[in-house]
There are 2 protein chains.
Amino acid sequence: MIRIVIVEDQAMVRGALVALLSLEHDLEIVGEAPDSTTAINIVRATRPDVVLVDIELPDTNGIATVKMLAAELPDIRFIMLTTFGRPGYLQAAIAAGATGFLLKDSPSEQLAQSIRRVHNGVRAIDPDLAVAALTLGPNPLTPRQRDVLRMTRIGKSVQAIADELSLGMGTVRNYLSEAITATGAVNRHDAVRIAESRGWLD
Amino acid sequence: MIRIVIVEDQAMVRGALVALLSLEHDLEIVGEAPDSTTAINIVRATRPDVVLVDIELPDTNGIATVKMLAAELPDIRFIMLTTFGRPGYLQAAIAAGATGFLLKDSPSEQLAQSIRRVHNGVRAIDPDLAVAALTLGPNPLTPRQRDVLRMTRIGKSVQAIADELSLGMGTVRNYLSEAITATGAVNRHDAVRIAESRGWLD
DNA sequence: TCCGAACCATGACATTTGTCATGTCTCCCT
DNA sequence: AGGGAGACATGACAAATGTCATGGTTCGGA
């Protein structure tokens, strides 16, 4: 019997996944969580074999959660489940200690199979995404460029960013300009969008 | 026995929803579709009692799909299922002929209940969202303002938009400016984001 | 130790963007 | 017929944005 915890914020999807996995006789759902905080408590309490984690969570990022839990409980296997096939996410998830990485676009039959694979210590990673992650290469943004992009993302003005980082406005604009070039974007907002879609801002 | 078709693009979620509803003995899944085109064919062929439709679909919008099918097959009930609680979506869905409107954040138990309600001709609408839709009021954007916002959304420059619409650049910039004011945004990209989140661009 | 690469920081300049005043046209109400 | 409301259209102006040249710092390899 493989003991499983499911971490997924959308209640309807979470309930549906529970129903899906309950159909498999060798799998047992021992816990559910809608956010990182709950997830950490439940995993510590139940010590499951496999944890299924959605990356997009309301509080902390699912990757950070896995990183913490994987360090603390090395016997537990983690499978990331995500809507977005962002190569940067895959790279980060592997680095954090995840053994599996599935897209919500994948067929539902694959979920139970991947759980069994991962439980046996075998990696279960979407092959297309693995290729994309290799093709894409590493994050081309410098720390400062990421800073200004992140602050731009939440709607801060150049003036506000300059004040907060104790920089001249020209400097901030320059980082934005460099980030625009590095991402191949056409303006700062486009750069934010592209960097985010590649998982370069986390 | 209530006969159901599920329209949802993410395969894993679709499979999970099928598993969830299969647990209910008075419900029967008679078809599944990942996009609008397939959905229309399946619904015509199977004539279900209730169709569950995700709004965010890869090809056509789920609302447009319901509009067409509801006009053609008035005996069938439709429930919209969506990640985003956008009041404009609710307004548009009701206008298109949907009887139910659920968020993926809602508890999964509610799904089967809503299907039974809707099958009996009773509306099943998230109460918070209903209030929000009433509070928000109608779309404040003029057709031209929507045009330029839509084109801005897909990354077109002012010059490109002006050319395509045979307008002066000043005119296009003015529509953007008006849209920024109307949405309460701080710049054109913010205006796109806000208008989109309210369902004002479809 | 010297050199080059990478990152940080700034200001000058040209372009793009947002606002506003103005005018036209159509449609509806009186 | 007159008059107002609302949408369309434009150009002038001020402010924000993107680019570029330049210089400083740190750090690792030759």
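To find a chain, count down the sequence lines: A is the first, B the second, and so on, and within it residues start at 1.
- Distance alone, capped at 3.5 Å, places no donor-acceptor pair between the B:N120 side chain and the B:V122 backbone.
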I'd like a table of atom pairs between the protein and nucleotides 7-10 of chain D - only N or O on both sides, under 3.5 Å - with the distance next to each one.
from   : atom 1 : to     : atom 2 : distance (Å)
D:dC8  : OP2    : B:T142 : OG1    : 2.9
D:dA9  : OP2    : B:R144 : NE     : 2.9
D:dA9  : OP2    : B:R144 : NH2    : 3.3
D:dA9  : OP2    : B:Y175 : OH     : 3.1
D:dT10 : OP2    : B:G168 : N      : 2.7
D:dT10 : OP2    : B:T171 : OG1    : 2.7
D:dT10 : O5'    : B:T171 : OG1    : 3.3
D:dT10 : O4     : B:N174 : ND2    : 3.2

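- Shown here are the side chain to side chain donor-acceptor pair (under 3.5 Å) partners of B:D190, two or more places apart in sequence or in another chain: B:R193.
- Counting non-hydrogen atoms of other residues, nucleotides and ligands closer than 6.0 Å to CZ of B:R123 gives a total above 12.
- Look at CG on B:N187: it is 22 Å from P on D:dA14, rounded to the nearest Å.
- When DNA chain C is scanned 5' to 3' for any atom under 4.0 Å from a heavy atom of chain B, the first and last hits are C:dT17 to C:dC20.
- Salt-bridge formation is detected for the pair B:D54/B:K104: a Lys NZ or Arg NE/NH1/NH2 atom is positioned less than 4.0 Å from an Asp or Glu carboxylate oxygen.
- Take B:E178 and apply the side chain to side chain donor-acceptor pair (under 3.5 Å) test, not counting sequence neighbours, and it matches B:Q145, B:N174.
- Residues satisfying the salt bridge (charged side-chain N to carboxylate O under 4.0 Å, His left out) test with B:D26, not counting sequence neighbours, are B:R116.
- Between B:N41 and B:T38, the side chains place no donor N or O within less than 3.5 Å of an acceptor N or O (distance only, hydrogens not considered).
- In this structure A:E109 satisfies the salt bridge (charged side-chain N to carboxylate O under 4.0 Å, His left out) test with no other residue, sequence neighbours excluded.
- Residue B:R173 contributes atom CZ, which lies 14 Å from atom P of D:dA14 at whole-angstrom precision.
- Atom P of nucleotide D:dA16 and atom CZ of B:R188 are separated by 15 Å, given to the nearest angstrom.
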